[in-house]
There are 2 protein chains.
Amino acid sequence: MTPAGGAPATLRDVAERAGVSMATVSRVLADNYPVAQRTRQRVLRAIKDLDYVANTHARALRGRGTPTVAFVLNDVRGASFASVAHGVEEEAARRGRICLICTTQGDPERELSVVRTMREQGAGAVILIGGVVDDAAYRSQMTAIAHSLDASGSRLVLCGRPPLGEGVPATVVEYDNEGGAYAVVSRLLVQGHRRILFLGAAANGSTTAAGRLAGYRRALADHGVPADDSLVTAAEFSRVDAYDKLSARLRAGRDFTAVCAVTDTVAAGALAALGDHGLRVPEDVSLTGYDDVDPATDLRPQLTTVHVPYEEVGRTAVRLALGLREGEVSAAAQHAVLGTHMVIRDSTAPLARPAPSAG
Amino acid sequence: MTPAGGAPATLRDVAERAGVSMATVSRVLADNYPVAQRTRQRVLRAIKDLDYVANTHARALRGRGTPTVAFVLNDVRGASFASVAHGVEEEAARRGRICLICTTQGDPERELSVVRTMREQGAGAVILIGGVVDDAAYRSQMTAIAHSLDASGSRLVLCGRPPLGEGVPATVVEYDNEGGAYAVVSRLLVQGHRRILFLGAAANGSTTAAGRLAGYRRALADHGVPADDSLVTAAEFSRVDAYDKLSARLRAGRDFTAVCAVTDTVAAGALAALGDHGLRVPEDVSLTGYDDVDPATDLRPQLTTVHVPYEEVGRTAVRLALGLREGEVSAAAQHAVLGTHMVIRDSTAPLARPAPSAG
DNA sequence: GGGTGGACAGACAACGTTTTCTGAAATGGG
DNA sequence: CCCATTTCAGAAAACGTTGTCTGTCCACCC
């Protein structure tokens with residue numbers, strides 16, 4: 001109500017105005033101790049008059065822990081990350097927490113420093129999302145972080161990344177990369193395709209790309225189609241790079257009848273490249289995506305893809321991590337693998353003619 | 001290094017291990033006071049050994065203010081919001097701040113409570129983004145919030161909303177809604193269109209929709225085309241609702257030759273609806289969007305739209321608010337209006353035939 | 001050699017809460 | 001009517017920092 005004159009009101013100000021001690025005010029706020037009706041009213045009145053808001057930091061300092069969930073991702077603009085963020089935000093809000101959010105632009109070093117900041121902040125959970133280069137350095141650093149967060153009463157959550165190993169205090173929420181790719185490539189094979197380009201193998205070896213590539217390879221093997229590494233094309237997970245890489249490839253001649261893109265965004269780039277080279281989808285080339293993100297709804301033809309429950313990933317991450325601290329989720333349940341499923345739309349079709357040869 | 005056994009190490013622990021006082025450790029960290037080389041080394045060593053991380057809350061409590069920027073939006077999944085968020089995050093990171101993020105799902109009441117939480121957190125700036133119903137209740141509540149944040153050493157920033165009035169301590173970053181709509185509708189008029197449907201007038205009267213609608217109306221007036229309110233169609237800012245509303249309209253008969261959609265997302269829904277009714281864009285119907293967001297890149301035909309510098313909006317918001325506190329931006333410069341410009345692509349074409357009549 | 005000042009380090013009081021621990025009324029039972 | 005018990009309220013000690021206020025020691029100059 002009253003626009004405070006100078007500094008914000010403190011507990012002491014409220015206490016003085018209500019003519020009680022600070023302890024009493026605190027107890028009215030916490031509501032965990034008997035306070036006489038009359039006194040309570042006076043205190044509430046004073047709180048309103050002074051527009052008092054409790055200082056979170058003082059509270060956190062005394063009471064250990066903060067009402068915060070930290071969320072670290074590559075880029076807020078990514079379509080799938082937005083869904084995860086939404087899930088995280090939703091579940092966090094449901095539990096009266098707010099979200100800290102930081103982006104790393106894919107730089108592992110930046111990720112480390114950001115997590116450090118999050119730890120300083122004393123967030124209740126620190127959620128890391130997105131594939132990563134799974135090397136020894138990463139594992140050892142992440143393991144150290146997991147222990148250090150654990151000691152601070154916080155919890156590390158890895159989304160879309162492999163577990164760090166037994167005894168490491170971290171929650172893991174995975175989704176099936178290998179199975180979805182297997183399903184979608186199998187379908188292409190059943191439709192008669194033999195030369196299937198995999199677009200989006202990450203140069204740096206991100207686990208997401210690796211999992212999907214593994215599904216692609218297993219499907220080929222199971223159908224007795226010899227693997228041809230010249231069909232595995234590297235590209236970043238971006239529309240532009242996908243467009244560029246596939247365009248370059250097409251200029252050199254088309255030696256495939258289908259494209260399995262590593263994400264829907266990559267598929268969007270691929271679709272544009274194919275179109276610009278006069279190729280129709282699915283008549284000339286079949287195309288599949290991965291992620292089933294919202295913006296892909298407007299691609300024409302509509303994309304055959306793999307649905308990944310990203311919102312659920314976000315919700316689960318928060319639920320497991322916070323639930324553990326609050327005793328409602330067991331320590332044994334701290335590793336979830338969410339299922340994915342193929343969504344058949346219009347971008348795939350049976351092979352019409354025998355596969356053309358290169359050149 | 002050493003995975004801490006129990007509670008996280010404090011300044012006192014470090015001081016003890018290094019055999020110095022807490023003050024000395026603090027000074028090594030702050031680096032604003034002479035400390036002997038030898039002592040400094042010992043302290044740094046102890047910090048590393050104990051994996052010490054300073055407690056942000058204690059720091060904030062003592063030093064007033066936190067390294068945080070709060071960001072309140074409707075939905076993280078919105079395409080334009082993602083860009084603003086990116087701009088905010090980028091500029092905040094550049095200044096060593098981290099982002100708190102909260103969503104409100106468009107509920108003004110929720111927005112109020114969220115801002116309250118942000119204030120408790122002691123964020124350096126609280127950034128509100130997105131159109132709003134500009135009524136008396138909103139203005140008075142927001143004005144109170146502005147004062148209360150100001151008193152706490154924080155700063156309210158309104159993005160894409162009108163200023164609250166003289167003397168209210170708030171930063172405003174607007175972008176031109178009226179002008180962009182004027183430009184794009186003028187172009188349609190020049191191309192011969194007379195029956196132009198405005199799709200996405202907000203039922204609740206959001207300022208964004210209102211501004212764009214005003215531009216639409218002014219363009220019509222300036223070209224001597226009588227306004228026909230039956231051409232102004234309400235729809236939420238979502239793909240699905242746009243699709244539904246336009247489909248319903250088309251089922252009742254087409255009495256327009258062009259559609260001016262209030263956002264690119266709405267345009268995407270419109271495009272789908274038109275396509276499903278056998279109408280080609282731009283041959284049968286011209287279509288324009290607004291926002292020029294990334295995902296719209298994949299619409300076919302490519303959208304004629306209005307570019308809004310959303311990332312710049314986010315960056316400016318942070319720069320102005322934080323710059324004011326740090327004395328690098330003047331109080332007079334706390335109101336920015338960013339320009340928008342038309343981007344002509346393939347979804348608009350000159351009117352081929354005389355406009356059909358309704359029914 | 002005494003005085004002056006610079007370079008360093010420690011003690012201690014905040015910051016705004018929460019939570020004991022204590023104490024004073026009020027209440028009730030014998 | 002007195003003692004035991006309950007019900008409420010206050011004093012004060014934390015929580016982990018930072019900055020101010022004092023010192024101490026040493027070097028240097030006259």
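Hydrogens, waters and symmetry mates are skipped; everything else that's a heavy atom, side chains included, is used. In the text below, chain A, chain B and the rest are named by the order of the sequence lines, each starting its count at 1.
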Problem set entry | salt bridge (Lys or Arg N to Asp or Glu O under 4.0 Å) partners of B:E90, counting only residues at least two apart | B:R315
Seminar exercise, completed: Numerically ordered, the residues 29-43 of chain B set in heavy-atom contact under 4.0 Å with DNA chain D is B:N32
For this session: Just report the end-to-end axis angle for the helix from C:dG1-D:dC30 to C:dG30-D:dC1, five pairs per end, to 10 degrees.
Result: 50°
Exercise. Just how far, in rounded Å, is P of C:dC12 from CG of B:L11?
Worked result: 16 Å
Exercise. Are OP1 or OP2 of D:dG16 and a side-chain N or O of B:R59 less than 4.0 angstrom apart?
Worked result: no
Exercise. How would you list, by chain and number, every residue that makes a side-chain hydrogen bond (donor to acceptor under 3.5 Å, both in side chains) with B:T117, sequence neighbours excluded?
Worked result: none
For this session: Starting at atom NE2 of A:H57, determine the distance to atom P of D:dT17, rounded to an integer number of angstrom.
Result: 14 Å
Exercise. Under the side-chain hydrogen bond (donor to acceptor under 3.5 Å, both in side chains) test, which residues partner A:T207, sequence neighbours left out?
Worked result: none
Seminar exercise, completed: Residue set satisfying salt bridge (Lys or Arg N to Asp or Glu O under 4.0 Å) with A:E109, at least two apart, ordered chain then number -> none
For this session: Could you state the atom-to-atom distance from CZ of A:R12 to P of C:dA14 in whole Å?
Result: 10 Å
For this session: Quickly work out the B:Q121 CD to C:dG16 C1' distance and round it to whole Å.
Result: 15 Å
For this session: Quickly work out the A:L61 CG to C:dT18 C1' distance and round it to whole Å.
Result: 10 Å
Problem set entry | Pairing residues for A:Q105 by the side-chain hydrogen bond (donor to acceptor under 3.5 Å, both in side chains) criterion, not counting sequence neighbours | A:T103
Exercise. Is the phosphate of D:dG16, meaning OP1 or OP2, less than 4.0 Å from a side-chain N or O of B:T10?
Worked result: no
Exercise. In chain order, what residues pass the side-chain hydrogen bond (donor to acceptor under 3.5 Å, both in side chains) check against B:R94, with sequence neighbours excluded?
Worked result: B:E91
Problem set entry | Members of residues 14-25 of chain A that approach DNA chain C, where some heavy atom sits under 4.0 Å away | A:M22, A:A23
Exercise. What nucleotide, of C:dC21, D:dT18, C:dT17, holds the atom closest to the side chain of A:R27?
Worked result: C:dC21
Which pairs of donor and acceptor atoms, one on a side chain in residues 121-131 of chain B, lie under 3.5 Å apart (sequence neighbours left out)?
none

For this session: Report yes or no: do A:E311 and A:S83 form a side-chain donor-acceptor pair below 3.5 Å?
Result: no
Problem set entry | D:dG16 OP1/OP2 closer than 4.0 Å to side-chain N/O of B:R62 | no
Seminar exercise, completed: Residues pairing under salt bridge (Lys or Arg N to Asp or Glu O under 4.0 Å) where one sits in residues 38-47 of chain B, two or more places apart or in two chains, turn out to be B:D31-B:R40, B:R45-B:D49
Exercise. Listed by chain and number, what are the salt bridge (Lys or Arg N to Asp or Glu O under 4.0 Å) partners of B:D13, not counting sequence neighbours?
Worked result: none
Exercise. At what distance, to the nearest 0.5 angstrom, does CZ of A:R110 lie from CG of A:N74?
Worked result: 10.5 Å
